[in-house]
Structures are given as structure tokens and as C-alpha cells.
Amino acid sequence: MGKFIVEGGRRLRGEIKIQGSKNSVLPILAACVLVDGVSVIHNCPLLSDTDVTIKILEHLGCSVMREGHTVTVDSTGVNAFDIPDTLMREMRSSVIFLGAIIGRSGRAEISTPGGCEIGLRPIDLHISSIKKFGVEIAEEHGRLECSVPDALRGTEITLAFPSVGATENIMLTAATARGTTTIINAAREPEISDLADFLNGCGARIHGGGEGIITVAGVDSLSGTEHTVIPDRIAAATYMFSAAMTHGTIILKDIIPAHIGPVFPVLEEAGCEINIKGRELELTAPPRIRRIHKISTMPYPGFPTDIQAPIMALTAVADGTSVIIENIFESRFKHVAELIRMGADIKTEGRMAVIQGVPYLTGASVVSPDLRGGSALVLAGLAAKGITEVSDIHHIDRGYESFEEILCALGASVKRKA
Ligand code: EPZ
């Protein structure tokens with residue numbers, strides 16, 4: 001499963017370019033199924049999650065060519081409407097294909113994605129929303145069998161929670177439905193705007209992407225387009241923390257500062273200096289990170305749940321006591337036990353963690369519990385005394401391209417061992 005060997009105690013300094021967004025490219029690649037033509041996607045990160053997504057596209061009959069960070073998808077030959085259980089199990093977020101497959105083929109068969117390391121990950125909002133388009137969905141034996149007896153018809157949907165995936169699936173189902181769809185309480189994450197931009201580039205008529213109310217006027221068909229994926233705001237924040245925790249300085253190139261906005265006040269409270277020039281950001285850390293009174297994860301534009309684990313690693317070596325509340329996923333504290341093995345002083349009670357900063361962590365062997373928890377453990381190793389061995393790093397490879405190479409380019413010592 002692979003390990004990272006991290007030698008702590010080095011200041012991180014340097015300049016890096018941020019990868020394309022994992023959580024943007026996955027729904028955009030899925031959206032290619034809706035397009036009867038060729039789409040060219042630039043800035044596609046090299047991740048195991050994108051590998052699985054491409055396997056699903058090919059299973060559905062698309063021909064996919066990848067040259068570096070550019071993926072070309074020819075979906076004229078779509079000839080299937082199912083996703084095999086094996087591929088669903090490799091990546092539970094494949095549920096995002098549902099709306100696109102239904103929109104293209106009028107039917108879909110996938111296995112219910114099931115939970116993952118950070119929670120049960122129900123899809124009730126996806127199912128109840130898609131049914132409102134006139135889709136019949138039979139759920140049995142862990143399979144979802146979807147059919148459209150008549151035609152997909154636009155509708156009005158109010159989401160009980162601004163679910164990112166449900167918003168994306170509704171947009172994909174609505175894009176070629178008859179009539180107009182309105183999504184109320186839509187997710188406002190930047191990845192939603194990026195998906196809307198891609199679909200509009202294909203001829204869709206989506207207004208309000210990234211806002212709380214989105215309208216989609218269905219069109220008859222979509223044609224191929226060329227699109228550049230937005231930078232990954234979660235990866236950007238993760239690398240910012242790596243410099244902050246090691247009294248370093250870092251310059252991030254090719255970011256969209258507004259997408260990382262929720263992080264700035266938190267890092268400034270911790271004593272970091274942040275300067276922004278266009279799509280470039282420079283962060284300078286204080287000699288020692290100060291505590292962060294309270295972090296509450298929220299839907300965008302609140303503090304992102306995906307950087308809760310990495311910032312917890314940062315607070316573990318801060319001067320003072322910090323409080324983190326995880327409001328989005330019910331079991332996203334699996335990295336706490338591993339951080340404690342490294343000498344962190346953390347107490348949890350339900351969705352709240354109280355972190356008493358310690359002067360330094362000590363290297364230990366730890367296990368990545370999930371994608372973002374794994375990145376947090378590597379960051380903790382950077383700030384620890386001695387050697388930290390982080391195993392099960394396949395989780396990390398799902399979301400961070402060239403993670404160890406980038407950290408080493410900043411002066412860290414992170415070696416991959418098979
Ligand atoms: C997306 O997951 C991201 N994944 C997640 O990133 C991210 O943490 C999450 O949005 C929140 O920002 C991708 O984009 C591929 P949700 P998604 O639907 O769409 C509950 C990472 O580390 N819910 O907004 O699954 C759900 O259980 C990953 O990159 C329902 O109850 O997130 C959770 O508590 C992790 N019913 C909350 O809503 C539903 O039908 C947020 O989920 C759907 C969701």
C-alpha cells in the first residue's frame with residue numbers, strides 16, 4: 001500500500017504551481033457523457049481518482065486520450081448506462097455519473113456507493129431530486145436502477161442541505177431536460193461554478209452557478225468544448241499549512257485567491273502574513289504558530305471540511321489551545337488518534353476537537369485513515385522531531401498530485417517506499 005518516510009525539522013521555502021482541482025475535474029469528466037462530441041479538458045490533475053473516472057468513461061463507450069494534464073474525451077460512442085460494482089467501489093464519488101448517464105441514455109444502473117472512511121455518505125438528496133425530473137428509481141440489493149418512462153422534465157428542487165454532489169447531479173440531469181429547472185439552496189462551492197462553465201461551454205443554459213439559486217434551461221443537445229479546470233483550493237491550502245507549520249515561506253502560483261478566502265483569516269490569526277498579487281499568493285509564517293480560537297467547518301464560503309484535518313495538524317504545534325468543530329461529516333476525526341501517537345494533545349467530544357498545542361511533535365509510524373487525514377499526518381511529520389512513517393498512502397494519491405515531489409521541492413525530506 002506504500003509509505004512516506006518523512007524527516008521532520010526542515011523549514012519549507014519556495015514556489016509551487018497548484019494542481020487542477022480534483023473535485024472539479026471529476027464532475028466535469030462525468031459531464032462529458034452528456035456531450036455527443038469531443039471535449040478537451042486542460043489542467044486535469046494526475047490522480048488515482050481521475051484514473052478511475054477515465055476507466056468509467058471508457059466502460060460507458062467513450063474514447064479517452066490523456067496527454068500530460070490534458071484529457072480528450074470523445075463521447076460519440078457512448079453505448080452503456082451502467083457502472084460496474086468494482087468501479088463504484090474504487091471511487092464512491094462515481095455517483096456523480098448518475099445524472100449524466102440518465103441525461104444521455106434515459107436510464108442508468110449503478111450500485112449504491114456506500115459509505116467511506118469519513119462517513120455514511122448517504123445519497124438520499126441525489127435520489128429524491130432526480131426523481132422529481134420524472135425518473136423512476138428502483139433501489140434493491142445495493143443497486144439503483146433508473147429509467148425515464150416518458151421524458152426528463154424540468155422541475156423546482158429545494159435542497160435540505162447544500163450538497164455538492166446532489167447539486168452537480170441535478171445540474172447534469174437538468175442540462176438536457178425539457179423545460180427549466182430551479183435549484184434552491186444549491187451548493188456554492190467553486191467546483192459548482194466550474195461545472196456550470198464547462199456545461200455552458202457545451203451549449204447548456206445554466207445561470208447562477210456558485211450561487212444559492214441556480215436555474216437551468218434545458219437544451220436539446222450539448223456539443224464538445226475546450227475547458228481548463230480551476231486550481232485545487234484544498235491542495236493550495238494544504239501546501240500553505242506545510243509552510244506555516246515549519247516557520248517557512250511559500251509562493252503559490254496559479255491560484256484563485258477568492259476560492260481560498262475562508263482560510264486567510266484563520267492563518268492570519270495564527271500569525272501568518274499573506275500577500276496576494278493576481279493569481280499568486282505569498283505566505284510567511286511566524287517563528288511559532290499561534291492558536292486558532294475556533295474553526296467550524298461549513299459549506300462554502302465557510303471553512304472547508306476538506307482542510308479540517310490538515311489544519312488540525314497545524315494547531316497541534318501552535319502556541320495555545322485551538323477548537324475545531326466538524327459540522328459536515330460525522331466521522332472525520334480518524335486522524336486524531338494518529339496525531340496523538342506523534343505527541344499531539346487532542347481531546348474530542350462528538351464533532352468537537354480541543355487541541356492543546358505542544359512545542360513539538362515526535363516522529364512515529366502512523367496510518368493514513370483517509371485522503372485528507374493522510375495529508376495531515378505528512379504535514380505533522382514535517383513539523384515533528386525525528387522520522388515519521390506514514391502508511392496507506394494510496395489514500396493521499398487519490399487527491400494530491402506528486403505530493404512528495406512538491407514537498408521536497410520546498411525543502412522537505414519525504415521519500416516514497418513501496
Ligand atoms: C464533495 O463531496 C467533495 N467530493 C468532498 O471532498 C467534500 O468534502 C464535500 O463535497 C463537501 O464540500 C467531491 O467533490 C468528489 P456533500 P459530496 O454532498 O458531494 C450529506 C475530498 O476530501 N449528504 O456536500 O459527497 C453528507 O453525508 C472529498 O476531496 C446527505 O445527507 O459532499 C455530508 O454530511 C471528501 N445526503 C454532507 O451532506 C445526500 O444525498 C455534505 O455532503 C448527500 C449528502
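Computed from heavy atoms alone, side chains included, the values below leave out hydrogens, waters and symmetry copies. Read the numbers this way: they start at 1 and go in the same order the structure lists the ligands and their atoms. Residue numbers count from 1 along this sequence.
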For [atom], which candidate among [options] provides the closest heavy atom?
atom	options	result
atom 6 (O) of ligand 1	N327, D49, D306	D306
atom 24 (O) of ligand 1	V164, T297, I192	V164
atom 25 (O) of ligand 1	R121, E117, H126	R121
atom 34 (O) of ligand 1	V95, I328, D370	I328

Report the nearest protein non-hydrogen atom to [atom]: residue, atom name, distance rounded to 0.1 Å.
atom	result
atom 11 (C) of ligand 1	T305 CG2, 4.0 Å
atom 32 (O) of ligand 1	F329 CZ, 4.1 Å
atom 18 (O) of ligand 1	S163 OG, 2.7 Å
atom 36 (N) of ligand 1	D124 OD1, 2.7 Å
atom 40 (O) of ligand 1	L125 N, 2.7 Å
atom 22 (O) of ligand 1	R372 NE, 2.9 Å

Taking the inter-plane angle between the rings of F403 and Y239 on a 0 to 90° scale, is it parallel (under 30°), tilted (30 to 60°) or perpendicular (over 60°)?
tilted
Short list, please: which atoms of ligand 1 are under 4.0 Å from a heavy atom of I123?
39 (C), 40 (O)
Enumerated ligand 1 atoms positioned under 4.0 Å from heavy atoms of K22
21 (C), 29 (O)
Assess whether a salt bridge exists between [X] and [Y], defined as any Lys/Arg side-chain N lying under 4.0 Å from an Asp/Glu carboxylate O.
X	Y	value
E280	K253	yes
E326	R332	no
E7	R10	yes
R66	D51	yes
K55	E90	yes
R104	D36	yes

Side-chain donor-acceptor pair present, [X], [Y], cut-off under 3.5 Å:
X	Y	answer
D74	T76	yes
H207	R205	no
E189	H259	no

Exercise: identify the closest heavy-atom pair between A316 and I355:
CA-CG2, 3.6 Å
Grab the two heavy atoms, one from V73 and one from C62, that are nearest each other, plus how far apart they are.
CG1-CB, 4.1 Å
Does an N or O anywhere in [X] fall below 3.5 Å from an N or O of ligand 1?
X	answer
R92	no
N23	yes
S93	no
F161	no
E330	no
E168	no
G165	yes

Check if [X] has a non-hydrogen atom at a distance under 4.0 Å from any atom of ligand 1.
X	value
P122	yes
I118	yes
R332	yes

Any donor and acceptor pair, going by atom type alone, linking the side chain of E168 with main-chain N or O of P27 inside 3.5 Å?
no
Is the number of heavy atoms from other residues, nucleotides or ligands within 6.0 Å of CZ (R279) greater than 12?
yes
Kindly indicate whether atom 20 (C) of ligand 1 is approached by any protein heavy atom to under 4.0 angstrom.
no
